[in-house]
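As the structure is a prediction and not an experimental result, all values here were calculated from the model.
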Amino acid sequence: MSDGHPIRNRGPGLSVGAMIIAGVVLVAFGVVGAWLQRDARGRSEEPRTEFTAHNPPAGLPTALTTGQHLNWSPCTSPPTARTGYDCATMKAPLDYRKPDGRTIDVALIRRKATGPTAQRIGSLVLNFGGPGVSGVSELPDLLNQYKPLLDRYDLVSFDPRGVGATIPVRCGKTADDTGYDGARACAKHSAALLPYVGTSHTARDLDLMRYLLGDERLHYFGVSYGTTLGAVYAHLYPSHVGRLVLEAPVDPTKDLDEKQVSQVKAVQAAFDRFAAHCAARIRPCPTGDGPKEAAQRMTRLAQRLEKKPAPAGGGNTLDADDLAYAVSDYLDLGTDGWSPLAKALTALIDHNDGGPLSDGADDMGAADRAATPPDNSRAAQTAITCADSSLRPDFDRLDRDEARVKAASPVFGAAWSNGVYLCYDWPFHGERITPQVNADGAAPVLVVGGTGDPTTPYPGARNMARALGDGVGVLLTAEEEGHGTYPQNRCVTKAVDQYLRTGRTPAMGAVCRGTMS
């Protein structure tokens, strides 16, 4: 989740815990917007052998399977994808229960493999988190993380349902507004789409995508929320599971409110570790002589910002909730974020300058605080989360849940507690309390969890590996700070790359040492 953070409710972004992205297009059901139009002029390509699959998804009309081909051509947008990337659209049913009915266009992007056909394994489909993250926008930005795999795989990503150029949900003040103005606005502008943007629908899109990419089995790398998508796919299509990596897993055993509590505890623990390091190693340390004093200073700072937000440059301000979200974004970077976080907090505390904290978080891509976001990530995040979760608490439970979240963290509890209201007045029922991810009979799935993850707490990785089933979920533990460990941890990177190249998983119970060792 964006992940980024899976469930924090704030300005536009990747999660009800902390949100992300770029690239907006006006799309109405089957029409892809102008920024994904292609122009193949002036591009010559080396001939290459395309793979063909022979196991189309069951129950779909032939017009969508054997009768459909992905027409790849050079991307014209986003600007970062204009060199070396191909784009295409895939037709899929809006409602898989009515496969002969209305179709939608799913926006795809590809970076072709560099190795010879004889060594190519197929396509590796990437989901970078969220929900609400545009894969079309993110693949060019994150390519370097996965570039070593290009000798064996085409790297493919896509805009999931509700996001970017794939039936984007609209929840702003007007039908053209990509911001988020609440559940009523979503119902007003996107009622026809909201029942069909949940993870189980996108997982079915993945299987159609697999087939059209020419792979008998899906090879997939999902991060944060992308682990939920990958695990739901494995449940629905265990015989089609190829090499699946689920990194920084979202806990499939907890409901939406339980995730809020566990996440806020994890981010508080990560902040405490930062505060202890700051007290021991950084002079002067803006958070004082340890975690206890740090919590007191941050509480006073939040109270000050609640009364009068700090200027943050460009006419923007930074309030108490922004403070919590920005700090958590730095913590997502692991120990690499600790020194810049200390500098940014010093500027805020000593000089009332919120610019370094806000700008630094924005540069990480996880904090979108503009009043009018450049994309629909916040709306998509909410719509997908509420399509998945059937939890609709009454006001008595909301009050109790809000109090639980606040009590779980002196620094982050107040900001995170807003997330309990995310779906209570949503206009449609959600699918389930928790997702179905048991995948008996599937090939081994590699689950990678970091012990110091502040966004998707490590117990969720253990629970994900167990829930996938005996002989399916293989847990690799990384003793690392931060949200995600690939490719930062060399041991993790070696194990993941070996699995994706050969299919061999690490030994059960394998541990990679890191910054927390």
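A heavy-atom distance below 4.5 Å is not found between the side chains of Arg110 and Leu155. The side-chain heavy atoms of Val327 and Val411, taken from C-beta on, include no pair separated by under 4.5 Å. Two residues are said to be in side-chain contact when any heavy atoms from C-beta on lie closer than 4.5 Å; Tyr220 and Tyr233 fail this criterion. Considering only heavy atoms from C-beta on, Pro311 stays 4.5 Å or farther from Asp353 through its side chain. Residues Met464 and Val250 have side chains not in contact (no heavy-atom distance under 4.5 Å, counting atoms from C-beta outward). Counting heavy atoms from C-beta on, the side chains of Phe412 and Leu331 come closer than 4.5 Å. Proximity of Met90 to Leu212: side-chain heavy atoms (C-beta onward) are separated by under 4.5 Å at one or more points. Looking at heavy atoms from C-beta onward, Cys386 lies in side-chain contact with Thr382 at the 4.5 angstrom threshold.
Heavy-atom minimum distance, Asn71 versus Ala88: O-CB, 3.8 Å. Nearest heavy-atom pair, Val437 versus Val232, reported as atom, atom and distance to 0.1 Å: CG1-N, 4.3 Å. Nearest heavy-atom pair, Thr485 versus Gly450, reported as atom, atom and distance to 0.1 Å: CG2-CA, 4.3 Å. Heavy-atom minimum distance, Pro286 versus Ala342: CG-O, 3.4 Å. Between Ala302 and Ala320 the shortest heavy-atom distance is O-CB, 3.5 Å. Of all non-hydrogen atoms in Pro252 and Thr434, the two that sit nearest each other are O-CB, 3.3 Å.
No option in Asp394, Asp401, Asp399 other than Asp401 meets the salt bridge (charged side-chain N to carboxylate O under 4.0 Å, His left out) test with Arg397.
Of the charged side-chain nitrogens involved, none lies within less than 4.0 Å of a carboxylate oxygen, so that Lys112 and Asp154 do not count as a salt-bridged pair. Salt bridge status for Arg210 with Asp207: present, with a side-chain N to carboxylate O gap under 4.0 Å.
Here the side chain of Ser262 pairs a donor or acceptor atom with the backbone of Lys259 at under 3.5 angstrom. Although no hydrogens or angles enter the test, the distance criterion places no donor-acceptor pair under 3.5 Å between the side chain of Ser123 and the main chain of Val156. The backbone N or O of His189 sits nowhere less than 3.5 Å from a side-chain atom of Arg170 that would complete a donor-acceptor pair. A distance-only check finds a donor-acceptor pair linking the side chain of Glu247 to the backbone of Tyr486 [under 3.5 Å]. Side-chain atoms of Arg204 come within 3.5 Å of backbone atoms of Ser200 as a donor-acceptor pair (strictly under, hydrogens ignored). Panel note: side chain Asn376, backbone Val169; a donor-acceptor pair is recorded below 3.5 Å. Side-chain atoms of Ser358 do not come within 3.5 Å of backbone N or O of Gly355 as any donor-acceptor pair. With Ser157 contributing its side chain and Leu126 its backbone, the two residues share a donor-acceptor pair below 3.5 Å. The main-chain N or O of Asp159 is found under 3.5 Å from a side-chain atom of Thr166 such that the two form a donor-acceptor pair. In terms of modelled atom types and a separation under 3.5 Å, the side chain of Gln145 and the main chain of Pro487 share no donor-acceptor contact.
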Full working for side-chain contact (heavy atoms from CB on, under 4.5 Å) between Leu422 and Gln381: CA-CA 10 Å; Leu422 186 70; Gln381 175 268 322; 3.9 Å; yes
Worked check of side chain to side chain donor-acceptor pair (under 3.5 Å) between Thr174 and Asp177: CA-CA 5 Å; Thr174 68; Asp177 184 355; 5.0 Å; no
Salt bridge (Lys or Arg N to Asp or Glu O under 4.0 Å) between Arg161 and Asp205, intermediate numbers included: CA-CA 9 Å; Arg161 290 172 176 237; Asp205 291 340; 2.6 Å; yes
Stepwise side-chain contact (heavy atoms from CB on, under 4.5 Å) check, Leu323 with Leu345: CA-CA 9 Å; Leu323 169 67; Leu345 284 174; 4.2 Å; yes
Derivation of the side-chain contact (heavy atoms from CB on, under 4.5 Å) call for Asp319 and Glu306: CA-CA 6 Å; Asp319 63 18; Glu306 190 67 33; 5.7 Å; no
Check against side-chain contact (heavy atoms from CB on, under 4.5 Å), Val136 and Leu108: CA-CA 6 Å; Val136 173; Leu108 309 179; over 6 Å; no
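Arg184 CZ: 12 or fewer foreign heavy atoms inside a 6.0 Å radius.
Tyr330 OH to Lys343 NZ: the interatomic distance, rounded to the nearest 0.5 Å, is 10.5 Å. The structure places OH of Tyr211 at 10.5 Å from CG of Leu60, a figure rounded to the nearest 0.5 Å. Taken to the nearest 0.5 Å, the CD atom of Glu138 stands 10.5 Å off from the CG atom of Asn127. Rounding to the nearest 0.5 angstrom, the gap separating the CD1 atom in Ile109 from the SG atom in Cys75 is 4.0 Å. Atoms CG and CG, from Leu318 and Asn352 in turn, are 9.5 Å apart once rounded to the nearest 0.5 Å. The CD atom of Gln263 sits 12.0 Å away from the NZ atom of Lys254 when rounded to the nearest 0.5 Å.
A donor and an acceptor atom, one from each side chain of Asp388 and Thr385, are nowhere located under 3.5 Å apart. The closest side-chain donor-acceptor pair between His483 and Ser224 falls under 3.5 angstrom. In this structure, a donor-acceptor pair under 3.5 Å is present between the side chains of Tyr225 and Thr199. Thr253 and Asp251 form a side-chain donor-acceptor contact under 3.5 Å, judged by distance and modelled atom types alone.
Ring centroids of Trp416 and Tyr325 are separated by less than 6.0 Å, placing the two rings close together. Proximity of the aromatic rings of Tyr96 and Tyr196 is defined here by a centroid distance below 6.0 angstrom, and this criterion is not met. Between Tyr146 and Phe221, the distance separating the two ring centers is shorter than 6.0 angstrom.
The aromatic rings of Tyr424 and Tyr421 sit perpendicular, their planes meeting at an angle over 60°, well past the 30° parallel limit.
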